[in-house]
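Data first, discussion second: the structure below is written as structure tokens.
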Amino acid sequence: MKSFLKLPLIAFCILLPSQFLMAQETTDYTTSAGGSPVPAIIGVLIALLMIVAMWKVFAKAGQPGWASIIPIYNLYIWCKIVGRPAWWIILMLIPLVNIIVGIVLCIDMAKSFGKGVGFGIGLAFLGIIFLPILGFGSAQYQGAAAAAPNQGAVVSQPPQSV
């Protein structure tokens, strides 16, 4: 019975952070002054490059470039560019499903600009390289690749005269 009474005390001692158990202070003020600003500058430059490249891609597709920087709305315009329905935005908000949908949208984006599936996979996984190639390169928008020819509409044939 005594061993059960010691169990909460043992758990408390194990879970208690070690700095509370020590008699000295463990804060090292020499290393907490901050790091180099270089990673932050590189991150901002990469983000700026991606924003400008996506702006150019949207402009090439005949859409407003500023739409690339508006969250959620840029997904709507992206779906519009590649010919997917607007409800795909909801799929982009579902975890794990959004990965597959994003890859499909990247492949459709590549096809819409006359590139192949390999370029689309490159857009999905190495967007930092392939998006500027698409935006600043010579690729021209050729229309929505995913749009069906008649988008499911039934087209009646005119009667043939004999």
When rounded to the nearest 0.5 angstrom, what distance separates CZ in F136 from NZ in K60? 9.0 Å

Of all pairs that satisfy salt bridge (Lys or Arg N to Asp or Glu O under 4.0 Å), the ones with a partner from residues 137-147, not counting sequence neighbours: none

Please tabulate, for side-chain N and O atoms in residues 105-132, each donor-acceptor pair with protein atoms closer than 3.5 Å (sequence neighbours left out).
unit_1	atom_1	unit_2	atom_2	d
D108	OD2	R84	NE	2.6
D108	OD2	R84	NH2	2.8
S112	OG	D108	O	2.8
S112	OG	G143	O	3.4
S112	OG	A145	N	3.1

Between L91 and I99, is there a shared hydrophobic cluster once you connect ILVMFWY residues whose side-chain heavy atoms come closer than 4.5 Å? no

Test of understanding: with ring pair (Phe, Tyr, Trp, His ring centres under 6.0 Å), list the residues that count as partners of F58, not counting sequence neighbours. none

Common cluster, L48/I133, ILVMFWY with side-chain heavy-atom separation under 4.5 Å: no

For I42, which residues count as a side-chain contact (heavy atoms from CB on, under 4.5 Å) partner, sequence neighbours excluded? V38, I46

What's the verdict on side-chain contact (heavy atoms from CB on, under 4.5 Å) for V57 and Y141, showing C-alpha distance, side-chain angles and the deciding distance? CA-CA 9 Å; V57 168; Y141 182 68; over 6 Å; no

Any chance CD1 of I90 has more than 12 other-residue heavy atoms, nucleotides or ligands included, within less than 6.0 Å? no

Separation between CG (L134) and CE (M54), nearest 0.5 Å, reads 9.0 Å

Heavy-atom pair with the smallest gap, counting every atom of P39 and S36: CD-O, 3.3 Å

Would you say V52 and L49 are hydrophobically clustered, going by side-chain heavy atoms of ILVMFWY under 4.5 Å? yes

Any salt bridge (Lys or Arg N to Asp or Glu O under 4.0 Å) involving residues 47-59? Give me the pairs, sequence neighbours left out, ordered by first then second residue. none

Pair listing, side chain to side chain donor-acceptor pair (under 3.5 Å) test, anchored in residues 85-98, at least two apart: none

If Ile, Leu, Val, Met, Phe, Trp and Tyr residues are connected whenever their side-chain heavy atoms lie under 4.5 Å apart, and connections chain through other members, are L75 and I70 in the same group? yes

Flag yes if more than 12 heavy atoms outside L96 fall under 6.0 Å of its CG atom; otherwise flag no. no

Is V104 reachable from V82 through a run of hydrophobic residues whose side-chain heavy atoms are each under 4.5 Å from the next? yes

Which pairs count as side chain to side chain donor-acceptor pair (under 3.5 Å) when at least one residue sits in residues 61-82, sequence neighbours excluded? none

